[in-house]
Protein chains: 2
Amino acid sequence: MATEQQVMAHFEATCRSHGLKLTHQRLEIYRALLQSAEHPSAESLHKQLETRLPTLSPDTVYRTLATFEQLGLVKRVETMSSQARFEAVIDQHHHFFCDQCGRLIDFHWHLFDTMGLPESLQGIGKIRDKNVVVHGVCEQCLTSKKNES
Amino acid sequence: MATEQQVMAHFEATCRSHGLKLTHQRLEIYRALLQSAEHPSAESLHKQLETRLPTLSPDTVYRTLATFEQLGLVKRVETMSSQARFEAVIDQHHHFFCDQCGRLIDFHWHLFDTMGLPESLQGIGKIRDKNVVVHGVCEQCLTSKKNES
DNA sequence: TAGTAATTAAGAATAAATCTTAACTAAAAA
DNA sequence: TTTTTAGTTAAGATTTATTCTTAATTACTA
């Protein structure tokens, strides 16, 4: 399990090795993403960082996230919501998606990770990654629903 | 394995039971989706149907797909592309996504379907569905790449 | 077959994301 | 430290996907 300092060191090394400057904005955007478990959108990251970096433009957040994505530092999470959502790439995990509130929760599944792929994928191409997406209603939504009635 | 006639009959029954009129547009949109293996976007469905229904508006395609989605006849496929993509709900399957050309290919994985979920999901909420998403480069992209060099 | 309520078409409107340009700022190199 | 260079900002225009509005049309009902 990597410490935040190690992760930040890797981030800095990756930027440098690709000739990218370590700007205040890049550091803050990456750190914010790293510390969030909420898979935020570009907009919500911008909102969150606005207090510390009052001149930060939405455009910079979009641009920076796209750059990080290309370096493999950040992943765009597949959702069916209109806004793209992001996460820092740290470990192999999967997603639980609440259909009610839109919350995304990470979970781990070692058995799946170490399992082979089915025959039906033979010859389909070159495989890079496999992930599980679970849909349902999160505990919090279930509880608040109960209290309403 | 349901025949297309059976599927269409189920479609009509579902519409009727929800008080939805069986309009020409609804039938054509559903049939087109049913016959496509490409998980088309609303836009490409509209383009495809334009020849047969010259006055079909994009809005109708969007609206109709949203209606079908609510009835459980159609599923919105999660991708990170900006356009939403759709499929008719027929059987349990999973998706291979080509990162190069954006193609989505269905595959089946019975072992996964019958497998239990990991402990890490205990207490997360009420689970409705679990799916695998595999990323990579499809055979066709691999081949065309080889021919280039 | 006429009535009516749902549905559609067309175009306007909205929202997310990206582009443009010029002026400015900060990081890395010399 | 100074210079070079890449990156950022601002503001507005643009693009793309989707949704809304309104008036006309159409499928089902009586």
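Each chain gets a letter, A, B and so on, in the order the sequences are listed, and its residues count up from 1.
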Give the B/S/- string for nucleotides 13-26 of chain D, one per nucleotide from 5' to 3', where a protein heavy atom under 4.0 Å of the base yields B, of only the sugar-phosphate yields S, and otherwise -. ----SBBB------
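B:Asp106 and B:His95 form a side-chain donor-acceptor contact under 3.5 Å, judged by distance and modelled atom types alone. Residues B:Asp113 and B:His94 have side chains that bring a donor and an acceptor to within less than 3.5 angstrom of each other.
Distance B:Arg26 CZ to C:dA6 P: 11 Å, rounded to the nearest Å. Atom pair B:Leu49:CG and C:dT8:P shows a separation of 13 Å (rounding to whole Å applied). Remark: P of D:dT8 and CG of A:Leu65 are 12 Å apart, rounded to the nearest angstrom. Summarising the geometry, the separation between CD on A:Glu50 and C1' on D:dA10 is reported as 14 Å, rounded to the nearest angstrom. One atom, CG of B:Leu22, and another, C1' of C:dA6, lie 13 Å apart when rounded to the nearest Å. Atom NE2 in B:His18 sits roughly 16 Å away from atom C1' in C:dA6 (whole-Å rounding). Rounded to whole Å, atom C1' of D:dA6 lies 14 Å from atom CZ of A:Arg16. If you take CD of A:Glu12 and P of C:dA27, they are 12 Å apart, rounded to a whole angstrom.
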Show your reasoning for whether side-chain contact (heavy atoms from CB on, under 4.5 Å) applies to A:Val132 and B:Asn131. CA-CA 6 Å; A:Val132 180; B:Asn131 280 93; over 6 Å; no
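The shortest non-hydrogen separation linking B:Phe107 to A:Ser120 is CD1-OG, 3.8 Å.
Judged by the 6.0 Å distance and 45° axis criteria, A:Lys130 is positioned over the aromatic ring of A:Phe112.
Considering A:Glu87, A:Arg76, A:Arg85 as possible partners of A:His39, the one that fulfils the side-chain hydrogen bond (donor to acceptor under 3.5 Å, both in side chains) test is A:Glu87.
Positionally, the nearest nucleotide of DNA chain D for A:Gly19 lies more toward the 5' end than for the other of A:Gly19 and A:Pro54.
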